[in-house]
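What follows is a set of notes on a single structure, which appears directly below.
Throughout, protein chains are lettered first and strands after them, A, B, ... in sequence-line order, and every chain is numbered starting at 1. Since the model is a prediction, treat every value here as computed from it, not as a measurement. Scope of the values below: all heavy atoms of this structure, side chains included, with no hydrogens, waters or symmetry mates.
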2 protein chains.
Amino acid sequence: MSRVAGNHMSIADLDDIDRSILAELQQDGRITNVELARRVGISAPPCLRRVRRLEEMGLIQGYHATLAPAMLGWSISFFVLVGLDSQKGAVLAEFEALVAEWPETRECHMIRGGEDFLLRLMARDAEHQNRLTRDLIEVAHVVRVQTFQVIRTSCERAGVPL
Amino acid sequence: MSRVAGNHMSIADLDDIDRSILAELQQDGRITNVELARRVGISAPPCLRRVRRLEEMGLIQGYHATLAPAMLGWSISFFVLVGLDSQKGAVLAEFEALVAEWPETRECHMIRGGEDFLLRLMARDAEHQNRLTRDLIEVAHVVRVQTFQVIRTSCERAGVPL
DNA sequence: CGGGAAAACGCAATATTATTTCGTTTCCTT
DNA sequence: AAGGAAACGAAATAATATTGCGTTTTCCCG
């Protein structure tokens, strides 16, 4: 039996080297394979094979450059708790589809604990934020909106604890 | 006058090619420079020079692999609204420093709009989450804690709208 | 409107890295 | 302990990154 068994597998199929690879790539996604291999203690070819396998397994979902929002003109980040007047599946899905179309929407989480959704949005300025908030209130089935403006972010870690 | 004026600059110093580079690298941070150059329509050397410059300017803050939390054993993601009994700078800073030490803390935002902080935490299971929540309540100056468990995330976009 | 310098470009050469090939080793199963 | 699958690593090849440099473009400033 192999670790490569077709498609989905989990943490049980990973050894220490795999976990090191994930940790290194989470920390620096543009490291060269030669350097990665050196850090995890194996030679380049098997290291590259492991990375490819982790990608195919879906454990590595992608690679992204992290940009500086403020320098690109997106100086406002805010969260919104949204309550709907119905929890029917179709209503929830409709809401998700609608806010996902907005380019300013960065995250949309369905939650349990007081309201129905927690969104994270970005805005170019205060007026832009106001417009977004007003638009949100006008969305069908939205009955409550509570905004939390981000003043400063002291901790923002990508990914998963490793 | 050059676009390279020492250190910090902003969107005003970027042209269309720079913005294309940022968009491509945000979407795929491990693309080769040759392919990146092809996509943005210039040859490889100036493309690499632009990427280096964007990095030095701080516009590109880093590159990260995006991992699959559930496959790595982190199946629970939740948000916590935290209220403190004081808004003195030292108290706020102490709280931030403490939660930043927890490996489960992914984000810590100081907010305006009802409470003092919005945290995002990850847990391996329900018991782990309970322990984290209880630990949070015991933290000095914490007087209110409201948990929002993420049921499903329908939208999660990295970075900035481009 | 012209110079003229600075900036950016792209070709070509070189250095590094990625990827394939393949023989060897390790590990697991029986 | 033998057989076989999986993984490893050295070496060769392919591709990419990076440097050097001459040319073109851009943009001031007279």
Side-chain angles (χ1 to χ4, degrees), chain A residues 1-67 71-72 162, chain B residues 1-67 71-72 162:
Chain A
M1 208 4 223
S2 149
R3 300 197 307 183
V4 174
N7 39 11
H8 68 311
M9 46 202 54
S10 71
I11 192 171
D13 300 290
L14 303 180
D15 61 17
D16 289 344
I17 294 177
D18 288 318
R19 275 185 283 273
S20 296
I21 288 174
L22 292 174
E24 292 291 343
L25 287 178
Q26 179 167 267
Q27 206 262 325
D28 180 0
R30 227 179 145 77
I31 187 177
T32 67
N33 182 60
V34 167
E35 172 65 11
L36 179 61
R38 195 191 61 71
R39 290 194 198 176
V40 304
I42 58 178
S43 63
C47 184
L48 187 62
R49 284 191 288 262
R50 281 169 179 265
V51 172
R52 293 280 178 269
R53 191 171 63 86
L54 293 168
E55 289 169 354
E56 281 162 19
M57 285 165 61
L59 257 148
I60 298 176
Q61 301 188 312
Y63 304 89
H64 305 281
T66 300
L67 309 183
M71 293 179 79
L72 288 164
L162 290 173
Chain B
M1 217 345 237
S2 147
R3 299 198 306 183
V4 173
N7 40 10
H8 69 312
M9 46 200 57
S10 71
I11 194 170
D13 300 288
L14 303 180
D15 61 17
D16 290 344
I17 294 177
D18 289 318
R19 275 185 283 273
S20 295
I21 288 174
L22 291 174
E24 293 291 343
L25 288 178
Q26 178 167 270
Q27 207 261 325
D28 180 1
R30 226 177 147 78
I31 188 178
T32 67
N33 182 60
V34 167
E35 172 64 12
L36 179 61
R38 195 191 61 72
R39 290 193 197 175
V40 304
I42 58 178
S43 64
C47 184
L48 187 62
R49 285 191 288 262
R50 280 170 180 264
V51 171
R52 294 280 178 269
R53 190 171 64 87
L54 293 168
E55 289 169 353
E56 281 163 19
M57 285 166 62
L59 255 147
I60 298 175
Q61 301 187 312
Y63 303 90
H64 305 281
T66 300
L67 309 184
M71 293 179 77
L72 289 164
L162 289 173

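- Annotation: side chain of B/Val51 is not in contact with side chain of B/Glu24 (no heavy-atom distance under 4.5 Å).
- A 4.5 Å side-chain heavy-atom check between B/Asp18 and B/Asp13 finds every atom pair outside the cut-off.
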Restricting both atoms to N or O, compile the protein contacts to nucleotides 22-26 of chain D shorter than 3.5 Å, with distance only.
none

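- Atom CG of A/Leu22 is separated from atom CG of A/Leu54 by 5.0 Å, given to the nearest 0.5 angstrom.
- The interatomic distance linking A/Asp15 (CG) with D/dC8 (P) rounds to 8 Å, in whole Å.
- At most 12 non-hydrogen atoms from other residues, nucleotides or ligands lie less than 6.0 angstrom from CD of A/Gln27.
- The side chain of A/Arg52 contributes an N or O atom lying less than 4.0 Å from OP1 or OP2 of C/dT19.
- Using a 4.5 Å heavy-atom threshold, the side chains of A/Arg39 and A/Ile31 count as touching.
- For A/Ile17 and D/dG9, the CD1 to C1' distance is 13 Å, given to the nearest whole Å.
- Of the residues in residues 28-49 of chain B, B/Ile42, B/Ser43, B/Pro45, B/Pro46, B/Arg49 come within less than 4.0 Å of DNA chain C through at least one heavy atom, sorted by number.
- In this entry the distance linking CZ of A/Arg53 with C1' of D/dC8 reads 14 Å, nearest Å.
- Residues B/Cys47 and B/Arg50 are not in side-chain contact: their nearest non-hydrogen atoms beyond the backbone lie 4.5 Å or more apart.
- A/Leu36 contributes atom CG, which lies 7.5 Å from atom CD1 of A/Ile42 (distance to the nearest 0.5 angstrom).
- The terminal axes of the helix from C/dC1-D/dG30 to C/dT30-D/dA1, fitted over 5 pairs per end, subtend an angle of 40° to the nearest 10°.
- Inter-residue side-chain proximity for B/Leu25 and A/Arg30 is flagged as met; some heavy-atom pair is nearer than 4.5 Å.
- Distance check, rounded to the nearest 0.5 Å: CD1 of B/Ile60 to OG1 of A/Thr66 gives 10.0 Å.
- Here A/Arg52 does not pair with A/Glu56 in a salt bridge; the nearest charged N to carboxylate O distance is not below 4.0 Å.
- Formation of a donor-acceptor pair under 3.5 Å by the B/Arg19 side chain with backbone atoms of B/Leu162 is not found in this model.
- Distance B/Leu14 CG to C/dA7 C1': 16 Å, rounded to the nearest Å.
- With rounding to whole Å, B/Arg50 atom CZ is found 17 Å from D/dT18 atom P.
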